2 protein chains.
Amino acid sequence: MSEVLTEKRGVTAAPGSAKARIERAALILFVEKSIEGVSTKSISQYAGVSEGLLYRHFKSKADLSRVLMTTIHGRLTKLVRQHMNQPLAAAVSDIVRDYARLADEDWPLFAFHLLNMHRFPNLSDDGPLRAAAELVRFNQSAGRLRNGIAPDLLASMALGVVMQAAQSKLLGGNIGALSDHTETFERAVLAVLEDA
Amino acid sequence: MSEVLTEKRGVTAAPGSAKARIERAALILFVEKSIEGVSTKSISQYAGVSEGLLYRHFKSKADLSRVLMTTIHGRLTKLVRQHMNQPLAAAVSDIVRDYARLADEDWPLFAFHLLNMHRFPNLSDDGPLRAAAELVRFNQSAGRLRNGIAPDLLASMALGVVMQAAQSKLLGGNIGALSDHTETFERAVLAVLEDA
DNA sequence: AGTGTATATGTGAATAATCACTCATTTATT
DNA sequence: AATAAATGAGTGATTATTCACATATACACT
């Protein structure tokens, strides 16, 4: 079906494989409306493919959304775990920077996670929040953070500093790229962790 | 239609007016699934009324969700504005306390706002976040808060401390009643505002 | 109290549109 | 020629909303 140029893969007008285009379309529409608020027909139209093709690559609409969620969920989890084995301040700095970068580089994917994570409760067992809680607990045990507060709660509050800024952006706030505020986030997160 | 007891109004098995029962049912189901993911049939069944009755009280499903959203949105906005005219620390303390209390007293309503606010972008012009930003700006002007950071952003980060804890609860986290952590929230919010 | 009447509340079957999904068939690739 | 990718019309189920109808409540006048 491709009458568009495909010479230099990745820089041509054709944005990618049909499967990738379906995923992109679904992502964007899921964020704009909601998972149930988007029809398979509208996804396929947005992606520029037939409706039937959607079912060659995904066994159902729910499966499609599940694939998208596990993808971003895994990336975020790995991102946090990647930076855990270093002094707290450095870990926070790296995590915040990469979080903001990922959000800026693929906002629909990031927003999809933010908005729909609660619909995939089984993934909560191992996610960024859980990882962050482990980081907190380790630093509490090592005496580098106050011990009187539950790791889950402290991790939530710390992550919340960044996540609510993202939510704010989603609501049409004036905040620009999250990466423009990494230092601000970093200081605020540390303030929560150490002063609270 | 009422074969149930209605002796002592308000304490009987009949939980309230039909309209109130419809609103409750919608709220709970909207949070559990999503607005588009819930049918008018399921709402009416959950409420124990006929499907047609839904349209006596609300002109459409979208109208029903809009009424619910404006209700909670207005309450939260008023809540923040109510405590703005006092020293910052006291304002934060009062706002955090009332936020947590409202969340605990009517979790479905609170969660509905948290999850679906982004679907009502027109309400963002005047909401809790905007109010909080005004509080920040005032305290910046008065020299009580650092001036180098956008009020919108600072307000977001501060509110995020509480909101992410709520989100965490939504994801099945161990956090109990939010009111059990008002002091923790208060300290963390002040830490963000003053140290960041 | 009793009767008539308007208004509000409630019902559920009917409707046309849309839904997720399937499948026989066609087109492209190897 | 064989396999993979892609199509789009067709399927039965479900959707939001309407409507003709039934019941209950409230008010006005006797």
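The shown structure was predicted, so the numbers you read here are calculated from the model rather than taken from an experiment. Order of the sequence lines sets the chain letters (A, B, ...), proteins ahead of strands, with each chain counted from 1.
For A:Ser60 and C:dA20, the shortest distance from a side-chain N or O to OP1 or OP2 is not below 4.0 Å.
Applying a 4.0 Å cut-off to non-hydrogen atoms, none of the residues of residues 23-31 of chain A approaches DNA chain C.
With distances taken from any side-chain atom of B:Leu53 to the nucleotides C:dT9, C:dA20, D:dT7, the minimum falls on C:dT9. If you check C:dT11, C:dG10, C:dC21 against the side chain of B:Val49, the one that comes closest is C:dT11. When distances are taken from the side chain of B:Lys61 to each of C:dC21, D:dT17, D:dT7, the shortest belongs to D:dT17. For A:Arg56, counting side-chain heavy atoms from C-beta on, the closest listed nucleotide (D:dA16, C:dA24, C:dT11) is C:dA24.
Summarising the local packing, CD of B:Glu183 is surrounded by 12 or fewer heavy atoms from other residues, nucleotides or ligands at distances under 6.0 Å. With a 6.0 Å radius and a threshold of 12 heavy atoms from other residues, nucleotides or ligands, B:Tyr46 has its OH atom at or below the threshold. No more than 12 heavy atoms of other residues, nucleotides or ligands lie within 6.0 Å of CZ in A:Phe138, so this atom counts as exposed by the packing criterion.
The interatomic distance linking A:Phe58 (CZ) with C:dA20 (P) rounds to 15 Å, in whole Å. For the pair B:Lys59 NZ and D:dT17 C1', the computed distance is 12 Å after rounding to whole Å. Here D:dA9 presents its P atom at 12 Å from CD of A:Gln45, a figure rounded to the nearest Å. Between A:Ile43 atom CD1 and C:dA20 atom C1' the separation is 10 Å, expressed in whole Å. Computed from coordinates, the A:Leu54 CG to D:dA5 P distance equals 15 Å when rounded to whole Å. In this structure, the NZ atom of A:Lys19 is 12 Å from the P atom of D:dA6, given to the nearest Å. Between the OH atom of B:Tyr55 and the C1' atom of D:dT15 there is a distance of 9 Å, rounded to whole Å. If you take CD1 of B:Ile22 and C1' of D:dT17, they are 14 Å apart, rounded to a whole angstrom.
Note: A:Met69 CE to A:Asn116 CG = 5.0 Å, rounded to the nearest 0.5 Å.
Within the nucleic acid shown, B:Ser39 comes within 4.0 Å of sugar-phosphate atoms alone, with no base atom in reach, counting heavy atoms only.
Under the ring-ring contact (aromatic ring centres under 6.0 Å, His included) criterion, the residue pairs touching residues 48-90 of chain A are A:His73-A:His113, with sequence neighbours excluded.
Nearest-nucleotide assignment on DNA chain C puts the 5′-proximal partner with B:His57, out of B:His57 and A:Glu51.
Within the 4.5 Å cutoff, the side chain of B:Phe110 has heavy atoms near those of the B:Leu76 side chain.
With respect to the salt-bridge test (charged N to carboxylate O, under 4.0 angstrom), the residues A:Arg75 and A:Asp98 do not qualify.
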